[in-house]
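We count residues from 1, following the sequence as given. Since the model is a prediction, treat every value here as computed from it, not as a measurement.
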Amino acid sequence: MSEAPVAERPTILVVDDEEDLRDIMRRMLERRGAYATLATGEPDEALSIARDHAGKIDVLITDLTLPGASGGELARTIRTLRTGIGVVFVSGLPKDHAVAKGEITEDDILVKKPFTADALLAAVKEALDRKDQS
């Protein structure tokens with residue numbers, strides 16, 4: 001009897017300049033969500049990964065505040081490199097404040113810090129669902 005092929009795990013690019021938080025998010029995704037992850041704290045490296053990674057990248061998770069760049073700018077650039085990529089923003093700001101400041105749109109997914117693994121995984125699932133519908 002042959003076994004069914006194992007489905008490929010979605011790949012998530014995590015960008016946060018706080019190393020501890022980045023590592024926690026990576027572990028949350030890999031353990032509880034069964035996702036493959038790529039992670040960096042540098043916007044330029046995130047762009048290089050998005051441009052050069054041979055495999056697919058399904059979702060970008062980015063902090064809104066990064067050294068030398070905003071998460072919103074980073075997401076806009078990566079969306080041009082990876083058409084259809086899902087995006088999840090993380091921030092200490094409430095969503096209405098981030099929208100009012102023009103950092104994200106009302107339609108964007110934002111997880112407010114501090115967050116639980118369940119909240120992060122729900123946001124990633126929503127981003128994947130939206131990606132599949134487009």
- Might you confirm whether atom NE2 of H53 has over 12 heavy atoms from other residues, nucleotides or ligands at distances under 6.0 Å?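 Count over threshold, so yes.
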Is any side-chain heavy atom of [Y] closer than 4.5 Å to one of [X]?
X    : Y    : answer
K101 : L93  : yes
V90  : K112 : no
V99  : T105 : no
R130 : K125 : no
F115 : M25  : yes
L110 : S91  : yes
T62  : F89  : yes
P10  : L128 : yes

Roughly how far apart are [X] [atom1] and [Y] [atom2], rounded to 0.5 Å?
X    : Y    : atom1 : atom2 : answer
L38  : I49  : CG    : CD1   : 6.0 Å
T40  : D16  : OG1   : CG    : 10.5 Å
L47  : E42  : CG    : CD    : 11.0 Å
L21  : K113 : CG    : NZ    : 5.0 Å
D118 : M28  : CG    : CE    : 9.0 Å

Mind listing the closest non-hydrogen atom pair of [X] and [Y] along with its distance?
X   : Y    : result
A75 : V87  : CB-CG1, 4.0 Å
A50 : I57  : CA-CD1, 4.0 Å
P67 : P43  : O-CG, 3.5 Å
G84 : K131 : O-CG, 3.1 Å
L66 : G71  : CD1-CA, 4.1 Å

- Message: Between R51 and R82, does the side-chain contact (heavy atoms from CB on, under 4.5 Å) criterion hold? Intermediate values first, please.
- Response: CA-CA 8 Å; R51 186 176 39 255; R82 296 277 178 160; over 6 Å; no
- Query: Do the side chains of V14 and V111 join up, straight or via other hydrophobic residues, at under 4.5 Å, putting them in one cluster?
  - Reply: yes
- Query: Among the clusters formed by ILVMFWY side chains lying less than 4.5 Å apart, do V88 and L64 turn up in the same one?
  - Reply: no
- Task: Dump the intermediate steps for side-chain contact (heavy atoms from CB on, under 4.5 Å) on L13 and I78, then the final yes or no.
- Result: CA-CA 11 Å; L13 173 56; I78 289 179; 4.2 Å; yes
- Item | Steps toward side-chain contact (heavy atoms from CB on, under 4.5 Å) verdict (E45, V15) | CA-CA 9 Å; E45 186 176 358; V15 185; over 6 Å; no
- Please assess K56 against D58 for the test salt bridge (Lys or Arg N to Asp or Glu O under 4.0 Å), listing each intermediate value before the final yes or no. CA-CA 6 Å; K56 64 184 176 62; D58 298 286; 2.7 Å; yes
- Item | R79/D108 salt bridge by N-O under 4.0 Å criterion | yes
- Query: Quick one: do E19 and R26 make a salt bridge, cutoff under 4.0 Å?
  - Reply: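 Answer for the salt bridge query: no.
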- Query: Run the salt bridge (Lys or Arg N to Asp or Glu O under 4.0 Å) check on K95 and E103 step by step: do they pass?
  - Reply: CA-CA 10 Å; K95 184 172 184 176; E103 295 184 23; over 6 Å; no
- Task: Apply salt bridge (Lys or Arg N to Asp or Glu O under 4.0 Å) to D17 and R22, showing your working.
- Result: CA-CA 7 Å; D17 59 314; R22 184 173 66 242; over 6 Å; no
- Task: Please report the C-alpha distance between L120 and I61 in whole Å, then the side-chain angles of each, then the deciding distance to 0.1 Å, and finally whether the side-chain contact (heavy atoms from CB on, under 4.5 Å) criterion is met.
- Result: CA-CA 9 Å; L120 183 65; I61 297 175; 3.9 Å; yes
- Message: Going by side chain to side chain contact (heavy atoms under 4.5 Å, CB included), L29 matches just one of I24, I12, V59. Which one?
- Response: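 The residue from I24, I12, V59 that satisfies side chain to side chain contact (heavy atoms under 4.5 Å, CB included) with L29 turns out to be I12.
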